[in-house]
Amino acid sequence: NAGVTQTPKFRILKIGQSMTLQCTQDMNHNYMYWYRQDPGMGLKLIYYSVGAGITDKGEVPNGYNVSRSTTEDFPLRLELAAPSQTSVYFCASSYPGVSPLHFGNGTRLTVT
Amino acid sequence: GESVGLHLPTLSVQEGDNSIINCAYSNSASDYFIWYKQESGKGPQFIIDIRSNMDKRQGQRVTVLLNKTVKHLSLQIAATQPGDSAVYFCAEDRNQFYFGTGTSLTVIP
């Protein structure tokens with residue numbers, strides 16, 4: 001199993017550009033999540049999904065959108081990139097209930 | 001709001017010694033906790049978890065202790081090795097996971 005796979009690993013965007021961060025998992029997990037990690041801060045939840053067709057906002061959703069058309073994929077969309085979105089983005093997945101999150105290796109995004 | 005915090009941002013230990021990383025949490029209703037290890041350039045990796053109905057749980061070279069009275073969680077790593085050098089986070093499940101800022105562990109050969 002590959003686990004949680006994120007692409008791209010690195011990306012530089014100009015202010016106002018848009019992009020999609022891809023995330024796919026092969027563990028048949030119902031739950032999927034997007035987090036951002038800023039220096040000196042704990043991971044912050046952006047959006048999550050409890051199953052295909054169901055998404056919900058986390059702690060810091062502004063400036064982002066998600067969709068969940070399949071169990072495996074959970075892309076994160078940035079429509080108008082801003083410098084405040086410079087961060088490392090992690091996708092994670094889990095089984096329902098009391099279960100640990102499994103993380104991908106992240107996408108490092110810089111907006112200039 | 002409530003948050004998970006770590007007592008020390010950095011910790012240096014000699015190879016072969018035991019390491020103890022601490023974490024404080026503030027929500028007494030939380031019933032599930034996880035420790036993660038994050039190496040440079042990688043995502044957090046699950047180490048060990050514990051439910052609130054337990055005080056202690058052991059894995060391979062790692063032990064997690066939960067003190068609900070003082071809302072404190074610790075991770076003990078036995079016989080620390082250079083490969084253990086990383087940032088360690090605790091996470092608290094309060095309907096969603098809340099993560100600490102992390103402790104950077106450096107193992108001195």
- [ ] Look at the side chain of A:Asn105 and the backbone N and O of B:Gly43, then say whether any donor-acceptor pair between them is shorter than 3.5 Å.
- [x]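 Checking the backbone N and O of B:Gly43 against the side chain of A:Asn105, a donor-acceptor pair under 3.5 Å is found.
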
Open item on the list: For A:Pro100, run the side chain to side chain contact (heavy atoms under 4.5 Å, CB included) check against B:Ile34, B:Asp93, B:Ile47 and tell me which one passes.
Closed with: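 For A:Pro100, the side chain to side chain contact (heavy atoms under 4.5 Å, CB included) check succeeds only for B:Ile34.
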
Open item on the list: I'd like to know whether CD1 of A:Ile54 has more than 12 heavy-atom contacts from other residues, nucleotides or ligands below 6.0 angstrom.
Closed with: yes

Linking I/L/V/M/F/W/Y whenever their side-chain heavy atoms sit closer than 4.5 Å, directly or via other members, would [X] and [Y] fall into one cluster?
X: B:Leu75; Y: B:Leu73; result: yes
X: A:Tyr33; Y: A:Tyr95; result: no
X: B:Tyr25; Y: A:Met41; result: no

Spacing of [atom1] belonging to [X] relative to [atom2] belonging to [Y], to within rounding of 0.5 Å:
X: A:His102; Y: B:Tyr36; atom1: NE2; atom2: OH; answer: 7.0 Å
X: A:Phe103; Y: B:Gln38; atom1: CZ; atom2: CD; answer: 8.5 Å
X: A:Leu43; Y: B:Thr101; atom1: CG; atom2: OG1; answer: 10.5 Å
X: A:Leu101; Y: B:Phe99; atom1: CG; atom2: CZ; answer: 5.0 Å

Open item on the list: Between A:Gln37 and B:Phe89, is the side chain to side chain contact (heavy atoms under 4.5 Å, CB included) condition met? List the steps.
Closed with: CA-CA 12 Å; A:Gln37 185 178 46; B:Phe89 299 97; 3.2 Å; yes

Open item on the list: Does any backbone or side-chain atom of A:Ser99 lie under 4.5 Å from a heavy atom of chain B? Answer side chain, backbone, both or neither.
Closed with: backbone

TODO: Sort A:Gln6 into side chain, backbone, both or neither according to what part of it lies under 4.5 angstrom from a heavy atom of chain B.
DONE: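 For A:Gln6, neither part sits under 4.5 Å from chain B.
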
- [ ] Kindly give the cluster partners of A:Met32, where membership spreads through any ILVMFWY side chain lying under 4.5 Å from a current member.
- [x] A:Leu13, A:Ile15, A:Met19, A:Leu21, A:Trp34, A:Ile46, A:Tyr47, A:Val60, A:Tyr64, A:Val66, A:Phe74, A:Leu76, A:Leu78, A:Tyr89, A:Leu109, A:Val111

TODO: State, without any angle test, whether A:Glu59 and B:Gln96 hold a side-chain donor-acceptor pair at a distance under 3.5 Å.
DONE: no

TODO: Compute the centroid of each ring, for B:Phe97 and then for A:Tyr35, and state whether the two points are separated by less than 6.0 Å.
DONE: no

Open item on the list: Checking an interface table here. Which of residues 48-65 of chain B come within a heavy-atom distance under 4.5 Å of chain A?
Closed with: B:Asp49, B:Arg51

